[in-house]
Every structure is written in C-alpha cells, then in structure tokens.
**Student:** 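I have a structure here, written as structure tokens, and I will follow up with some questions on it.
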Protein chains: 2
Amino acid sequence: MNLKRNVSSIASLISDPSRAAILLHLLDGRCHPAGDLAAVAGITPQTASFHLAKMAETGTVTVEKHGRHRYYRIAQASDAEMIEQLLSFAGPAPVVSLRQSDQMKKLRHARMCYDHLAGEAAVRITESLLREGHLQKDGLQLHVTASGERFFADFGLDLPQLRKKRRAFSRCCLDWTEREHHVAGALGQGLTERMFAMDWFRREEQSRAVRITQEGKQGMAERFRIRLD
Amino acid sequence: MNLKRNVSSIASLISDPSRAAILLHLLDGRCHPAGDLAAVAGITPQTASFHLAKMAETGTVTVEKHGRHRYYRIAQASDAEMIEQLLSFAGPAPVVSLRQSDQMKKLRHARMCYDHLAGEAAVRITESLLREGHLQKDGLQLHVTASGERFFADFGLDLPQLRKKRRAFSRCCLDWTEREHHVAGALGQGLTERMFAMDWFRREEQSRAVRITQEGKQGMAERFRIRLD
DNA sequence: TAGACGTTTCCATTATCATCGAAATGTGGA
DNA sequence: TCCACATTTCGATGATAATGGAAACGTCTA
C-alpha cells in the first residue's frame, strides 16, 4: 500500500498551522499577493515565501507575476474541495467573539468555495435544480437532464463550452456548514460566474463571504423558486 | 477563526507516515495489539507505543487490556470516515506490484470501513435500498421509509435498538474506491453485523478485505435484487 | 518460582523544519 | 538615476518530534 505515502504527504501540507492559515485564506478562490498571505498567517514575508515555494513545488498553488507582486492561488479545485472536507470534520467552530460569530453567519449564508458558490444559498440552489428535474444525482455525479439543458441555456450558460474544460463537468461538493451537497465542477463554476455577472451576488473584501443583492433575491425566487433572507 | 487550529491538528495526526500506517491498518475496525501495529508501520514497539499513547491522549484510539496484550482500535466512527475521505483524495493508488493490485481488487470489491461494509458490495446494497424505496436520501442523511421499517425488521434488525445508540443512526459515507455513497452509522453497522451473522461475508485475516460467500451471493440476489460476482 | 514475552517508560540522539535576520533581486515611481 | 517596495534567497538558529536502546512492569507459561 503506498496509499500511506500519499495520504501522509497530503496531510503534512496542511498540518503546519501557517500553511493551514494560508490555504484556508486561499480557499476564497482569489489570487493573493505573498505579503497578504504572510500577514494572514502571522509570519514574516520570508517564511511565507518559503511555504509558498514549497506548495508551488508540489503543485498545490500556482504563481502569477504582476509587476512586483506575485499572486498565489490554489492550483486545483479538487485540492480546495479536500480542504473544505477537512473543515467539515474540524467541527462547527466554537464561537469565541461576537465578531467571529457574525463572520461565521455570513459564511454559512453564502461564500466562495474556490471557484463556485457554497453555503446555504448554494445548497438551496442545488436542491432546487434537483427538485425541478434539471439535474439528476448519480452517486457523486450530477447529470444535466434534457430540461436542464434548456434551463441552463436559457440562463445564459454555454454548456458545450463548459463540457470542453479539462475538469469534472458537474459534481457534488460537500458543504461543510450545511452538511449537504452543492454543485461544483465546471457547471458550478459557470453557474456562479453567470450569477455574479447578473449582479445577484457581490463578494466581500478580504473574505470568502458573499452578499446577496436585491436582484439576486428576486432572481432566485423567479428562477429557482427559493426564498433566501 | 480558530478553525485553523482544528484543521491543522487533524491533519498532523495523519501527517506522520508511521501514524498514517497505523491508522490505515486500524481502519479495518478490528482491535490490534500494539506489536502488530509496530510491525505494520515498520517501527520498533517503543516507537509505536509512543504514537499510540499520543493518539489515545487525543481520543483518536482506545485501548483494551487483555492479558499481556493491549488492543487498540479507532475510537470514533467519524474519525475513521474522515480518514476514508482523505483516501479518496490520495487518488487511485498507483499499482506497483501484482500482489498489491490483487489486494486492491479485493478491497474495491468489499471491505470493512471501520464497523460497516464498504466497497462495491456496500455501494450496490445502498443503491438497492434507495431504488426499492426502503431508504430515502436527504442530504447526507438516509431516512428509513415505512417500507424500509418493514424490510429491515424482516431482515432481522432491531431498529428501535439501533436508534437508541449514541451515534448517527443512518448516514452516507463516501466510498473512496467507488466514489459513491454507502450506508454508515448505526444502521450501516447493524446491517453489516446481521449479514456477517448470516454468513454472507467472511473477513480476511490481516486485511480490511471481505469475501462474499455463496450464501451471500444468493441472499443478496434474493433480498436486494443485485448480482455480484 | 523463573523465565519468556508484550508493552511501556525513560532517556539520549538525531533529523527535520519552521522561523527570522541579512542581503539580493526585480519592479515601479519620482 | 535613485529610492521605495514586494518578494525571494541564503544562512543560521532553535524548537519540535520521531526514533531506538536500556530497563522496568505485568502477565502468561512451564
């Protein structure tokens, strides 16, 4: 069994508190400059650079140079999802401060999970798609039905294009706050992108949290027949 | 966010190769003497004892004294399931030797996931229970329907008793070889126990693998309408 | 009662690795 | 051209923790 090797090497990436902090912060799917990540993890830029280099070497993160900044992000959606899964075992975070509980409430409500929407909103949307027969669950796969093809096209998604991407097309991703599944994969990403384009959601600064706009509430009621407050 | 702390401490449990080997071996749900675990991990008894003491302290494993042996096992089903989940990210194990691939094939077919059945057999059984309307999926929960109540009672399970247990009654557990869900929780455990009592399955020595008997094949065809070879 | 065996405790060794100061590199702006 | 700034590289340090030898403990067997 050389599963051992894989398992422990994956785990050791996250076992260091500084790296965990960095990865958790990168879980918002955005690009972050090295300095910010150092600040988040509470370490000096040198140390952060050391960790980032290490993670870049194993392919966990990728770099993009822009001027004198270097922006890092998580390389693969699957890695991000693994960390999300770990979170669901870290248990419901014991709330310490009011500020934390407030932040937590926002995260539960709607947040980014790397490149797609997560939290209550995402779970409700996924439920709706299944209920209306646009998606069909098959294990961890989510198949788009005939009615789904029409629905998504009508929604402004180019499904053939999304299918072409070199990644899973449509799959379940475990939501660690809701303990249910939400749509991930290229479809989840495309859907999320489209909803942002329609200004249904707006990202918060420096956080994975996502705010729902008035248009969003209205749109979700009309399109998905769900009501979020 | 003190999620960080939790996440990294969970990961550090498995990040050490020796501990990973021990935990992976304990994933069969059986009790194992300390010496065996040392051998499996390729370390001296002292070192294994050190790791086991550490894991016992954090509540990951529990000890049972029998004569001069001390038998260890994973304390909580949820921990075992977390490790199983990590395995699904470790990727399909690159097969090195023929012996390994053979062992792997057996594991895929049927194995123990701590205290319940996993692998193809478990996934097929779960599918059958859903298809026949005995179980109903609700997020990660599995509800027993009215017809399910009758079915399980007829199968020899004491559901009220199982519900009393201080653990999740019936839930989905991600199968890392099949990438689908199978029944876990008290129901998964009870079901597995009953099938072993009926001699449908037999455990292999020193492995998580499980062999299906002739009775098992016949019984599964009759009761679950599935055919496994 | 003695000895074998499984296991743990104690202890010293060793290696690994996160960390940071100092300095180098590269980029942008004045 | 010079300086400020983001980042990395280098090098040294210190802490942590895995490891195994020696010995003790408890249990089983003869």
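Everything numeric here is computed off the predicted structure, so don't read it as measured data.
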**Student:** When you look at E81(B) and R171(B), which way does the side chain to side chain contact (heavy atoms under 4.5 Å, CB included) test go after all the steps?
**Tutor:** CA-CA 11 Å; E81(B) 283 162 24; R171(B) 34 187 307 280; 2.3 Å; yes
**Student:** Determine whether more than 12 heavy atoms belonging to other residues, nucleotides or ligands lie under 6.0 Å from atom CZ of R202(A).
**Tutor:**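 Counting other residues, nucleotides and ligands, CZ of R202(A) stays at 12 neighbours or fewer.
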**Student:** With the threshold set at 4.0 Å, does a side-chain nitrogen-carboxylate oxygen contact exist between R111(A) and D175(A)?
**Tutor:**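 Salt bridge: yes.
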**Student:** Students often mix this up, so state it plainly: with edges at 30° and 60°, are the rings of H25(A) and H32(A) parallel, tilted or perpendicular?
**Tutor:**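 It falls in the tilted class, 30° to 60°.
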**Student:** Taking the side chain as C-beta and beyond, is there a heavy-atom pair between Y114(B) and I83(B) under 4.5 Å?
**Tutor:**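 Side-chain contact under 4.5 Å: no.
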**Student:** What are the two closest heavy atoms between R19(A) and S12(A), and how far apart are they?
**Tutor:**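 For R19(A) and S12(A), the tightest heavy-atom pair comes out as NH2-O, 3.1 Å.
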**Student:** If I take atom CE in residue M55(A) and atom C1' in nucleotide dC17(C), what distance separates them, rounded to the nearest angstrom?
**Tutor:**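 In whole Å, dC17(C) C1' lies 15 Å from M55(A) CE.
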**Student:** Where along residues 62-73 of chain B does a heavy atom come under 4.0 Å from DNA chain D, residue by residue in number order?
**Tutor:**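 Within residues 62-73 of chain B, the residues near DNA chain D are G67(B), R68(B).
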**Student:** Taking heavy atoms of chain B and a 4.0 Å limit, find me the 5'-most and 3'-most nucleotide of DNA chain D within that range.
**Tutor:**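 Footprint of chain B along DNA chain D, 5' to 3': dA18(D) to dC28(D).
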**Student:** Under 4.0 Å between a side-chain nitrogen and a carboxylate oxygen: does that hold for R30(A) and D36(A)?
**Tutor:**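 No, R30(A) and D36(A) are not salt-bridged.
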**Student:** Show the distances under 3.5 angstrom between N or O atoms of the protein and N or O atoms of nucleotides 19-23 of chain C.
**Tutor:**
| unit_1 | atom_1 | unit_2 | atom_2 | d |
| --- | --- | --- | --- | --- |
| dT19(C) | OP1 | S18(A) | OG | 2.9 |
| dT19(C) | OP2 | S18(A) | OG | 3.2 |
| dT19(C) | OP2 | H51(A) | NE2 | 2.7 |
| dC20(C) | OP2 | T44(A) | N | 3.2 |
| dC20(C) | OP2 | T44(A) | OG1 | 3.0 |
| dC20(C) | OP2 | T47(A) | OG1 | 3.0 |
| dG21(C) | N7 | Q46(A) | NE2 | 2.6 |

**Student:** Knowing that exactly one of S170(B), C173(B), C172(B) qualifies, which makes a side chain to side chain contact (heavy atoms under 4.5 Å, CB included) with V183(B)?
**Tutor:**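 Of S170(B), C173(B), C172(B), side chain to side chain contact (heavy atoms under 4.5 Å, CB included) with V183(B) is met by S170(B) alone.
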**Student:** How far apart are the closest heavy atoms of A34(B) and Y72(B), and which atoms are they?
**Tutor:**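 So the two residues come closest at CB-CE1, 4.0 Å.
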**Student:** When you look at CD of E215(A), are more than 12 heavy atoms from neighbouring residues, nucleotides or ligands closer to it than 6.0 Å?
**Tutor:**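 Count over threshold, so yes.
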